[in-house]
Amino acid sequence: MEKEEKAVEILAGCCQGEAAALAPGPILARMEEKSRRRALEQVPGLKGLLCCVFPYFDNLAPGNLSIYARGMDYHLAAGRRLDRACEMLKKEFPGFNFRGYTDVSPFPEVYACARAGLGAMGKNGLLLTQRWGSYVFCGVVASDLPLEGGREPCGCEGCGLCRQACPGGALDENGRLEQGRCLSALTQQRGELTAEQQRLIGRSGMIWGCDVCQRVCPANRAPERTELPEFLEQIQATLTAEELEGMSQREFRRQYGSRAFAWRGVAPLRRNLALNAAAQSERV
């Protein structure tokens with residue numbers, strides 16, 4: 001078995017999704033100097049990348065939390081699985097180093113996964129896979145093990161539905177995202193919001209994230225359900241003001257610290273719940 005096939009088999013088994021090997025040259029060439037330098041410092045002698053996806057789709061049940069944030073924090077879930085994969089890869093390829101990344105990464109993970117053949121580049125900035133649509137988290141393992149693979153990634157069909165449906169009009173025709181108009185980003189933002197940003201959150205009924213561009217995407221017509229228990233167990237679709245009432249920051253971290261919506265603390269969630277309630281009272 002070629003080293004690429006064996007490495008991919010190990011990683012795919014750990015992520016319970018799909019994986020592929022990739023030569024790092026084109027990825028490094030695309031990166032800004034600061035990110036490229038960071039990657040090469042963290043993995044000296046970088047010669048190979050392994051890309052993977054972690055499916056997280058369960059169902060489309062209504063709620064005020066984005067689908068990705070309803071189970072375990074993906075940083076924890078994917079991070080642990082990548083750590084396990086790296087340990088297995090080191091045993092399989094002694095003398096070589098492996099380091100896993102998900103989200104907090106110098107690498108352009110969506111582009112890397114698309115170039116590895118795991119999906120297409122969506123106009124909403126997400127990876128569109130055949131089996132799970134865009135309901136996946138991307139992961140990358142960087143190594144000094146020489147690996148080959150990759151091709152210029154495909155784009156989506158360009159229907160424009162994500163841009164048309166975006167509540168804040170945050171996407172332009174070229175897929176560039178304006179953070180200050182992105183509902184998902186705004187629900188997570190600390191500090192002051194403009195009146196229009198407050199109205200956007202209030203009207204949405206969301207307190208963390210936004211799934212609109214995913215729900216309208218043709219790639220998500222029939223996504224497969226994940227098999228990862230981290231995204232199937234202890235699901236919480238909605239968080240209420242009553243559940244957060246009187247809760248200190250320490251208590252909040254203790255109860256919700258393993259959730260993706262907890263990393264900004266309790267304050268943005270309380271603010272967003274208040275904005276939702278105000279908007280609801282105006283509609284009555």
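Quick note: numbers below take in every heavy atom, side chains included, and nothing from hydrogens, waters or symmetry partners.
- There is no side-chain donor-acceptor pair under 3.5 Å between Tyr74 and Glu230.
- Of the N and O atoms on the side chains of Asp58 and Thr226, not one donor lies less than 3.5 Å from an acceptor on the other residue.
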### Task
Show your working on side-chain hydrogen bond (donor to acceptor under 3.5 Å, both in side chains) between Tyr68 and Trp208 and close with a plain yes or no.
CA-CA 10 Å; Tyr68 87 87; Trp208 189 267; 2.9 Å; yes

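- Interatomic distance, CG of Asn220 versus CZ of Arg215, reported as 10.0 Å (0.5 Å rounding).
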### Task
Check the pair Val140 / Leu22 against side-chain contact (heavy atoms from CB on, under 4.5 Å), numbers first and verdict last.
CA-CA 10 Å; Val140 171; Leu22 186 63; over 6 Å; no

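- The neighbour count for Gln42 CD, taken as heavy atoms of other residues, nucleotides or ligands under 6.0 Å away, is above 12.
- Distance check: Glu233 CD to Met72 CE gives 8.5 Å after rounding to the nearest 0.5 Å.
- A distance-only check finds a donor-acceptor pair linking the side chain of Gln236 to the backbone of Thr238 [under 3.5 Å].
- A salt bridge links Arg37 and Glu33; the closest N-O separation between the charged side-chain nitrogens and carboxylate oxygens is under 4.0 Å.
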#### Entry: Residue pair Gln255, Met247: steps toward the side-chain contact (heavy atoms from CB on, under 4.5 Å) verdict
CA-CA 10 Å; Gln255 183 162 340; Met247 186 175 285; 3.5 Å; yes

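- Heavy-atom neighbours of Gln249 CD from other residues, nucleotides or ligands within 6.0 Å: above the threshold of 12.
- With Asn276 contributing its side chain and Ile201 its backbone, the two residues share a donor-acceptor pair below 3.5 Å.
- A donor-acceptor pair is defined here as one N or O able to donate and one able to accept, closer than 3.5 Å; such a pair exists between the side chain of Arg181 and the backbone of Gly168.
- A donor-acceptor distance shorter than 3.5 angstrom exists from the side chain of Arg36 to the backbone of Met31, with no hydrogens or angles considered.
- Shown here is Gln130, whose CD atom has no more than 12 heavy atoms of other residues, nucleotides or ligands within 6.0 Å.
- We find that Arg84 and Glu87 are not joined by a salt bridge, their nearest charged nitrogen and carboxylate oxygen being 4.0 Å or further apart.
- Between Tyr135 and Phe54, the distance separating the two ring centers is not shorter than 6.0 angstrom.
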### Steps toward side-chain contact (heavy atoms from CB on, under 4.5 Å) verdict (Ile10, Glu92)
CA-CA 9 Å; Ile10 290 171; Glu92 180 68 28; 3.8 Å; yes

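- Under a hydrophobic-cluster definition in which Ile, Leu, Val, Met, Phe, Trp and Tyr are linked whenever side-chain heavy atoms come within less than 4.5 Å, directly or via other members, Leu128 and Leu177 are assigned to different clusters.
- The distance from atom OG1 of Thr194 to atom CG of Leu200, rounded to the nearest 0.5 Å, is 9.0 Å.
- Relative orientation of the Tyr101 and Phe107 rings is perpendicular, given thresholds of 30° and 60° on the angle between their planes.
- No single ILVMFWY cluster, assembled from side-chain heavy atoms under 4.5 Å apart, contains both Phe261 and Met206.
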### Task
Check the pair Leu28, Leu46 against side-chain contact (heavy atoms from CB on, under 4.5 Å), reporting the backbone distance first and the verdict last.
CA-CA 10 Å; Leu28 291 170; Leu46 175 66; 4.0 Å; yes

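- In this pair, Phe98 and Phe93 present their aromatic rings tilted. The plane angle is within the 30 to 60° band.
- Note on Val8: it does not cluster hydrophobically with Ile27, by side-chain heavy-atom contacts below 4.5 Å among ILVMFWY residues.
- With rounding to the nearest 0.5 Å, the separation of CG in Asn272 from CG in Leu186 is 9.0 Å.
- Here Leu11 contributes atom CG and Leu82 contributes atom CG; the two are 6.5 Å apart, rounded to the nearest 0.5 Å.
- Using modelled atom types, one finds a donor on one side chain and an acceptor on the other under 3.5 Å when comparing Asp211 with Ser66.
- Listed by first and then second residue, the salt bridge (charged side-chain N to carboxylate O under 4.0 Å, His left out) pairs that reach into residues 195-205 are Glu196-Arg199, Glu196-Arg203, sequence neighbours excluded.
- Atom CZ in Arg225 sits 15.0 Å away from atom OH in Tyr56 (nearest 0.5 Å).
- For the pair Arg30 and Tyr111, the cation-pi criterion (under 6.0 Å, within 45° of the ring axis) is fulfilled.
- A donor-acceptor distance shorter than 3.5 angstrom exists from the side chain of Arg264 to the backbone of Gln188, with no hydrogens or angles considered.
- Remark: the backbone N or O of Asp103 is paired with a side-chain donor or acceptor of Glu109 at under 3.5 angstrom.
- A donor and an acceptor atom, one from each side chain of Glu243 and Thr240, are located under 3.5 Å apart.
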